[in-house]
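Below: the structure, in structure tokens.
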Amino acid sequence: MATTMTAPDNVPGTTAVTVELPAGVEIALELRALSLWYGARQALDAVGFGVPARKITALIGPSASGKSSLLRCLNRLNDELPECRVEGEVLLGGTSIYAKDAIVHEVRRRIGMVFQKPNPFPLSVYENVAYGPRLLGVKGRRELDASVEGALKAVRLWDEVSARLDDSALALSLGQQQRLVIARALAVGPEILLMDEPASALDPAATLRFEELLHELAQRYTVLLVTHNMQQAARVSDYVAFLHQGRLVEFGDTDALLTNPRERLTEDYITGRYA
Amino acid sequence: MKRTASGDAALWACAGAAATCLVAIVALLVWLGAAGLSALWPAPIVEIGFADGHAVLGEMAERRGDTLVIRGSERERAGGSYVRVDAHAIVSRSEPRDAFAITLHDGRRLFGRGDVAAAAALLRSIPNAEPAGVAEWPNAHGFFHRTAMFLRDAGRFLAGSTMAPSLTGGAFPALVGTVTLVFLMSLIVMPFGIATAVYLHERRGFAAGLVRSAIANLAGVPSIVYGVLGLGLFVHGIGADVDRWFFADRLPVPTFGSGGLLWAALTLALLTLPVVVVSVEEGLGRIPPGLLAGSLALGATRGETMWRLLLPAARPALLTGLILAIARAAGAVAPLMLVGVVRLAPALPVDGAFPFLHPSRQFMHLGFSVYDAALASPDALRGIPRAYACALLLVIVVVALNLAAIVLRNRLRERYRVLEG
């Protein structure tokens with residue numbers, strides 16, 4: 001689809017705004033007027049908000065509203081696509097990740113990503129988690145062992161797989177695989193975790209465990225989570241950002257936004273009237 | 001016509017075609033095996049008597065219609081004592097138990113009757129006769145002893161060096177030459193093919209498309225064209241320059257300026273490059289894109305991802321490329337005749353003397369041995385069976401190399417089964 005996206009003018013609240021957070025909330029990642037084009041098609045239009053540190057922020061919105069595109073902008077995975085253009089700034093600790101002197105792989109190390117479908121590498125459980133540390137130049141067996149064990153314990157997987165670290169990661173269950181790829185991301189010491197509908201492939205029991213894990217992770221990491229599931233957003237997130245047709249409609253505290261949305265569009269979406 | 005009936009007919013036609021293929025392959029192998037092995041089976045010594053009272057002692061070499069060809073004692077030269085006999089003129093035919101055969105070092109065979117003393121006397125009567133072993137009495141032995149003789153001869157064929165290549169003697173130099181050539185070719189073509197495939201996989205554009213179709217078309221170029229290219233480019237071009245720069249003291253005797261193992265391996269590497277590139281690129285294309293994204297998201301560069309993750313995951317495809325390359329290289333004889341294969345090489349391309357592998361040496365090859373024995377032998381009645389034996393050995397070598405690669409690939413597939421499914 002090569003048409004430039006135009007937001008309907010009669011919809012209120014779709015103008016680009018940088019949302020102010022209450023004073024005292026520490027910001028881990030700040031988006032400023034972030035716009036994204038795939039060729040001639042605009043996927044994001046001047047999105048701006050701050051992701052609070054060590055909290056879970058849920059990114060909600062209808063299909064094709066730009067949630068996944070936004071996530072891929074935040075660790076520069078969109079760089080890999082041809083004809084992709086980004087404008088605006090994403091500030092990580094005061095410096096823009098799109099600055100000319102920014103090192104892409106260092107940005108990606110600091111901002112980890114978990115994908116919708118668990119994508120363990122066709123290696124052993126151990127080698128999956130050790131992959132990142134090895135990239136960083138860790139060679140000592142003891143050091144690798146320590147970081148593998150630490151990462152697997154952080155995702156509550158250690159007890160289940162400690163006896164079969166050398167087995168193929170592909171033999172694990174889906175829920176275990178998803179926790180394994182999170183451990184893999186944690187092993188390189190990120191500050192922020194981006195998650196793109198990470199529970200959509202999991203059954204209800206695995207989803208429940210996963211959400212418990214999210215809460216634990218949020219004590220140490222900043223989590224930005226894309227979800228289609230409104231109940232999940234309500235259960236796990238501290239803040240919610242609602243995206244519609246590439247624009248940020250509303251951002252705020254989860255309880256306030258879901259129970260008392262300021263915008264009509266948000267209310268329609270969360271009550272299921274959105275068509 | 002009923003629909004089910006036509007469906008059945010098509011199914012039967014397809015099944016028939018598949019069965020025909022299977023039968024053809026099995027028939028080829030059985031026939032080649034029988035022809036190749038029977039060349040080594042000890043033939044009985046026959047004595048044929050004629051109406052005028054004289055008799056001929058020798059081995060039956062051929063029987064065509066009413067005409068028999070008997071190979072008698074080769075007192076002067078190999079292949080020089082065939083006797084053509086009309087079957088109607090024969091009055092007696094026997095396989096005397098005291099008939100013996102002596103094989104000489106140059107491949108000649110002597111026949112006689114009597115005991116050990118008689119054999120020694122026969123040997124003394126031939127000037128410059130060097131026996132390759134003791135005299136044998138094959139007619140006196142039963143099946144098991146003949147089997148033992150057959151196994152001994154088969155061992156000599158496999159492990160013996162060759163004095164008169166198209167006549168008798170072992171195929172060991174040709175076997176070593178073939179295997180060394182295939183290994184060297186694999187060592188050259190795999191890195192090049194993989195690197196090319198990686199480049200084409202990473203670059204999706206007009207130029208890469210041109211390169212891709214050019215490589216695919218290279219697969220259709222007849223192999224003799226590669227031979228001419230190798231002769232012109234490697235032997236006469238690069239080889240002559242190498243001689244001028246590094247081996248000037250030996251000129252005008254060429255070192256790399258004539259055909260040799262290295263140039264033959266390079267020529268075969270060019271010949272097999274397309275199949276390696278195509279299968280490796282297909283293998284890389286089958287890897288789920290999630291793996292690339294997952295690795296990049298961990299901070300790996302594209303190069304690190306390719307080296308640590310994608311190429312290891314594509315190992316089955318790499319081995320498929322290798323299998324196809326070996327199959328194509330082992331069957332290509334025509335280009336080798338231009339770039340280094342000889343009928344009779346003075347030394348093996350690999351030996352115990354430093355530097356162990358001698359890339360400038362000319363070498364022997366089983367495929368060429370087949371051609372040489374079948375068409376260029378001074379003794380056609382010995383050459384044809386020898387050609388079968390060499391062809392059988394060549395097939396066994398190719399099948400063995402392929403089986404090794406297939407076993408390896410299946411073990412890797414087992415590891416990545418979930419990935420592919």
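Side-chain atoms are counted along with the backbone in the values below, which use heavy atoms only and exclude waters and symmetry mates. Here is how names work: the chains are called A, B, and so on, in the same order as the sequence lines, proteins then strands, and each is numbered from 1. From a predicted model like this one, the values you see are computed outputs, not experimental measurements.
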- Can you name the residues that form a side-chain contact (heavy atoms from CB on, under 4.5 Å) with A:Leu136, not counting sequence neighbours? A:Arg109, A:Val188
- Could you walk me through whether A:Leu135 and B:Arg308 pass the side chain to side chain contact (heavy atoms under 4.5 Å, CB included) check? CA-CA 9 Å; A:Leu135 285 176; B:Arg308 289 164 181 256; 3.7 Å; yes
- Message: Just to verify, what does B:Leu218 make a side-chain contact (heavy atoms from CB on, under 4.5 Å) with, not counting sequence neighbours?
- Response: B:Val221, B:Tyr226, B:Pro274
- Here the gap from A:Phe121 atom CZ to B:Thr305 atom OG1, rounded to the nearest 0.5 Å, amounts to 7.5 Å
- Given a strict heavy-atom distance threshold of 4.5 Å, which part of A:Arg110 is in contact with chain B: side chain, backbone, both, or neither? neither
- Message: Taking CZ in A:Arg220 as the centre, count heavy atoms belonging to other residues, nucleotides or ligands within less than 6.0 Å. Is the count above 12?
- Response: no
- Item | More than 12 heavy atoms from other groups under 6.0 Å of CZ on B:Phe356 | yes
- Message: Tell me which pairs pass side chain to side chain donor-acceptor pair (under 3.5 Å) where either residue lies in residues 129-139 of chain A, with sequence neighbours left out.
- Response: A:Glu127-A:Arg134, A:Tyr131-B:Ser295
- Of all the residues in residues 69-105 of chain A, which have a heavy atom that comes within less than 4.5 Å of a heavy atom in chain B? A:Asn75, A:Leu77, A:Glu80, A:His105
- Task: Report yes if the side chains of B:Leu291 and A:Pro122 come closer than 4.5 Å at any heavy-atom pair, otherwise no.
- Result: yes
- Over all heavy atoms of both residues, which pair between B:Ala297 and A:Met113 is shortest? Give the atoms and the distance, please. CB-CB, 3.9 Å
